[in-house]
Amino acid sequence: MKIGIAADHGGFALKEQIIELIQTLGHEVIDFGALTYDAQDDYPDFIIPLAQAVTTRKVHKGIAVCGSGVGAAIAANKVKGARASVITDSYSARQGVEHDAMNIMCLGGRITGIAVAEELVKAYVDAAYTNEDRHNRRLGKVETLENNW
Ligand code: RB5
């Protein structure tokens, strides 16, 4: 699987650790930056290109990291087709994909340590959308709004 990842300075250190983990799991990682630590950088500059790559299917799934995960989720969800959420537990990391077709998992580099992040990444990467009618129906309602406002 091809996994895109992006982070600002608040998520930079965790991003570097997650990249190693994903490679260890045998997946390809595309890094949308920041490529160096810059305490003045802005998360939209990295998160939006990641979200665009996810929604145009250049990567299969995205992981976005900022200090809290919140700004990353807000920015990513402005891109049509992005379904991003802040995740802190492995149940949501898996179920968010299975039920809600979450395609960008957002983490807080100042919130989540690497041990928990490893569990979250594994649960997220391994999960697949169920394609069940009830989930398609709910997703369709979200997409209807997205396409008509
Ligand atoms: C950057 O200092 C911080 O505000 C940002 O990474 C993030 O936490 C926003 O949600």
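Counting starts at 1 for both ligands and their atoms, following the listed order.
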**Message:** Given a heavy-atom cut-off of 4.0 Å, could you list the residues near ligand 1 in chain and number order?
**Reply:** Asp8, His9, Tyr43, Cys66, Gly67, Ser68, Val70, Gly71, Arg110
**Message:** Could you check whether any side-chain heavy atom of Ile63 comes within less than 4.5 Å of a side-chain heavy atom of Val121, counting everything from C-beta outward?
**Reply:** yes
**Item:** Tyr129 and His135 aromatic ring geometry - parallel, tilted or perpendicular at 30°/60° bounds
**Value:** tilted
**Prompt:** Quick one: do the His9 and Asp41 side chains pair a donor with an acceptor below 3.5 Å?
**Reply:** yes
**Request:** Please step through side-chain contact (heavy atoms from CB on, under 4.5 Å) for the pair Ile18 and Leu107, ending with a clear verdict.
**Result:** CA-CA 11 Å; Ile18 291 174; Leu107 303 177; 3.6 Å; yes
**Message:** With a 3.5 Å distance limit and no angle check, can you tell me whether Thr55 reaches the backbone of Gln52 through a side-chain donor-acceptor pair?
**Reply:**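 Checking the backbone N and O of Gln52 against the side chain of Thr55, a donor-acceptor pair under 3.5 Å is found.
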Please tabulate, for the side chains in residues 24-32, all donor-acceptor contacts under 3.5 angstrom to protein atoms that are two or more places apart in sequence or on a different chain.
from  : atom 1 : to    : atom 2 : distance (Å)
Thr24 : OG1    : Glu20 : O      : 2.8
His27 : ND1    : Met1  : N      : 3.3
Asp31 : OD1    : Lys15 : NZ     : 3.1
Asp31 : OD1    : Gly33 : N      : 2.8
Asp31 : OD2    : Lys15 : NZ     : 2.9

